[in-house]
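For ligands, and for the atoms within them, numbers begin at 1 and follow the listed sequence. By convention here, the first residue in the shown sequence is residue 1.
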Amino acid sequence: MKVTVVGAGAVGATTADNLVRRNIAEEIVLLDIKEGFAEGKAQDMMQTSALLGFDSKITGVTNDYLATAGSTVAVITSGIPRKPGMTREELIGTNANIVKTVVENLIQHSPDIIILIVSNPMDTMTYLALKSSGLPKNRIIGMGGALDSARFKYQISDKLNASANDLNAIVIGGHGDTTMIPLIKHATWNSIAVSSFLTEEEEAEIVKKTMVGGATLTALIGTSAWYAPGAAAAAMVESIVRDQNRLFTASVYLEGEFGQEDINIGVPVIINNKGWDRIVPLELSDEEQKLFDASADAVRKMNDVLFDEGVLKR
Ligand SMILES: NC(=O)c1ccc[n+]([C@@H]2O[C@H](COP(=O)([O-])OP(=O)(O)OC[C@H]3O[C@@H](n4cnc5c(N)ncnc54)[C@H](O)[C@@H]3O)[C@@H](O)[C@H]2O)c1
Ligand SMILES: O=C(O)C[C@H](O)C(=O)O
């Protein structure tokens, strides 16, 4: 099984590193537009195999899509990350054309491919990948909710002094500082509602910290995060290639589900070898539905930019 990772920068290389060291795919191709960059990162990772004991093989290439032929999955991380003080949405001007071209190139050599979009603004990039490629909706998945949910669990675990592994908690909606919706009232600690251990103020603090999780790290590091994003992308790839039927929140195309249509946005889905297989129904309170609708409005506004700028035709 071959997996391609496009973009050998911080997130792409971390995704590839997680894939090789955990033997998730036999063959990984790391592709970047910067001459020699992916080749160097791939060699560096291969040189850890004798130390870590994996058998996967990773090859780096400079913009050579022939090398990606026959890939089962591709993870697209190519594009620019934000700097402190920026929003993810400000990246659209540069990243839209990169993502569109990369998708075209991938499909040309791997017509049956499942594509996982990481580049920001992720929900809009996922919508662009779907609309520009014409691929079946189940084969285009946006990675954001898996990361945001992991950050949500981290914040709850920190507050409760509990293991994050004992928590069940998801974030739905757009992958943006103001659009994501951490569902605190649905969160449980091994089936016990976390609300029963937290004050309203503590819950609000957890939700706020989760929503600005990416911005907080960007301010600290000077560029956006990569360890948890890479781990989240690799976990989703694993569920595809090992047909695990894991439940993640992911940005998928809605056709009336959750009261929305013609949009890619984060909802709970099952991920397996078909891509995203099905949406898992979830009852939202009136307040949660209102937040979801507002989040969809904001994502749709970003999607409109694609049409206004002529990247997509109506
Ligand atoms: N969805 C998420 O949860 C999430 C999480 C983290 C980062 N991101 C996004 O992922 C993207 C990458 O972040 P990063 O920190 O890895 O950035 P980075 O700058 O470290 O790496 C990006 C890489 O993309 C390459 N690239 C640019 N154009 C290309 C093209 N046409 N073809 C192939 N490669 C190309 C660059 O050469 C660079 O190596 C950003 O847009 C960032 O905002 C999303
Ligand atoms: O914060 C960012 O810009 C990158 C990514 O979307 C993240 O959440 O880490």
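- Contact annotation: for Leu147 versus ligand 2, heavy atoms closer than 4.0 Å belong to the side chain alone.
- Looking only at side-chain heavy atoms (C-beta outward), Glu261 and Leu254 stay at 4.5 Å or farther from each other.
- Under the 4.5 Å side-chain criterion, counting only non-hydrogen atoms from C-beta, Phe258 is not in contact with Ile265.
- Using a 4.0 Å cut-off between heavy atoms, Arg88 makes no contact with ligand 1 at all.
- Contacts with ligand 1 closer than 4.0 Å are made by side-chain heavy atoms of Leu91 only, the backbone lying farther away.
- Which of Ala8, Gly9, Pro81 comes nearest to atom 17 (O) of ligand 1 through a heavy atom is settled by distance: it is Pro81.
- Put simply, Ile181 and Met122 are part of two different groups of oily side chains (I, L, V, M, F, W, Y) that touch within less than 4.5 Å, one to the next.
- Residue Val99 is grouped with residue Leu306 when hydrophobic side chains (ILVMFWY) are merged at heavy-atom distances under 4.5 angstrom, including chains of intermediate members.
- Heavy atoms of Trp226 stay at 4.0 angstrom or farther from ligand 1.
- Although no hydrogens or angles enter the test, the distance criterion places a donor-acceptor pair under 3.5 Å between the side chain of Asn23 and the main chain of Asp55.
- A parallel orientation is assigned to the rings of Tyr65 and His109, their planes being inclined by less than 30° (bins at 30° and 60°).
- With a 4.5 Å cut-off on side-chain heavy atoms, Ile24 and Glu238 count as touching.
- Counting protein heavy atoms only, atom 33 (C) of ligand 1 is closest to Ile33 N, 3.5 Å.
- Contacts between His175 and ligand 2 below 4.0 angstrom, taking non-hydrogen atoms only, involve the side chain exclusively.
- Closest to atom 16 (O) of ligand 1, if we only count protein heavy atoms, is Val11 N, 2.8 Å.
- Hydrophobic clustering (ILVMFWY, side-chain heavy atoms < 4.5 Å, transitive): Met211 and Leu217 are in distinct clusters.
- Atom 35 (C) of ligand 1 has Ser78 CB, 3.4 Å as its closest protein atom, hydrogens excluded (heavy atom only).
- A 6.0 Å sphere centred on NZ of Lys137 holds more than 12 heavy atoms belonging to other residues, nucleotides or ligands.
- Near Lys34, with a cut-off below 4.0 Å to any heavy atom, the atoms of ligand 1 are 37 (O).
- Atom 4 (C) of ligand 2 has its closest protein heavy atom at Ser224 CB, 3.4 Å.
- The nearest heavy-atom contact from the protein to atom 41 (O) of ligand 1 is Ile80 O, 2.8 Å.
- Given atom 20 (O) of ligand 1, the protein heavy atom at minimum distance is Ala10 N, 2.9 Å.
- In terms of modelled atom types and a separation under 3.5 Å, the side chain of Thr249 and the main chain of Gly266 share no donor-acceptor contact.
- Between Asp293 and Arg300 there is no salt bridge, since no side-chain N of the basic residue sits under 4.0 Å from a carboxylate O of the acidic one.
- Of the protein's non-hydrogen atoms, the one nearest atom 44 (C) of ligand 1 is Val118 O, 2.9 Å.
- Each of the following atoms of ligand 1 lies closer than 4.0 Å to a heavy atom of Ile98: 28 (N), 29 (C), 30 (C), 31 (N).
- For ligand 1, the atoms closer than 4.0 angstrom to any heavy atom of Phe37 are 39 (O).
- Ranking the protein heavy atoms by distance from atom 38 (C) of ligand 1 puts Asp32 OD2, 3.5 Å first.
- Interface of Ala225 with ligand 1, defined as ligand atoms under 4.0 Å from a residue heavy atom, comprises 6 (C).
- Checking only distances, Gly144 never comes within under 3.5 Å of ligand 1, N or O to N or O.
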(request) Please step through side-chain contact (heavy atoms from CB on, under 4.5 Å) for the pair Ile92 and Asn95, ending with a clear verdict. (result) CA-CA 5 Å; Ile92 190 170; Asn95 289 355; over 6 Å; no

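- Near Pro229, with a cut-off below 4.0 Å to any heavy atom, the atoms of ligand 1 are 5 (C), 6 (C).
- What sits closest to atom 27 (C) of ligand 1 on the protein, heavy atoms only, is Gly79 N, 3.8 Å.
- In this structure a side-chain-to-backbone donor-acceptor pair under 3.5 Å is missing from Thr218 to Lys83.
- At a 4.0 Å cut-off, not a single heavy atom of Thr223 sits close enough to ligand 1 to count as contact.
- The contact set between ligand 2 and Arg88, taken as ligand atoms under 4.0 Å from a residue heavy atom, comprises 1 (O), 2 (C), 3 (O), 5 (C), 6 (O), 7 (C), 8 (O).
- Of the heavy atoms in Ala232, none comes closer than 4.0 Å to ligand 1.
- Counting non-hydrogen atoms of neighbouring residues, nucleotides and ligands closer than 6.0 angstrom, the CG atom of Asp286 reaches no more than 12 such neighbours.
- The shortest heavy-atom distance from Arg151 to ligand 2 is under 4.0 Å.
- With a 4.0 Å heavy-atom cut-off, ligand 1 is reached by the backbone of Asn120 and by its side chain too.
- Of the protein's non-hydrogen atoms, Arg82 NE, 2.6 Å is the one closest to atom 3 (O) of ligand 2.
- Residue contacts with ligand 1 for Asn95 involve side-chain atoms from C-beta outward but no N, CA, C or O (heavy atoms, distance under 4.0 Å).
- Contacts between Asp148 and ligand 2 below 4.0 angstrom, taking non-hydrogen atoms only, are absent altogether.
- Between Lys159 and the options Glu205, Glu202, Glu203, a side-chain hydrogen bond (donor to acceptor under 3.5 Å, both in side chains) holds for only Glu205.
- For the pair Lys2 (side chain) and Ala69 (backbone), a donor-acceptor distance under 3.5 Å is present.
- The one candidate from Lys208, Lys209, Arg82 that meets the salt bridge (Lys or Arg N to Asp or Glu O under 4.0 Å) condition with Asp177 is Arg82.
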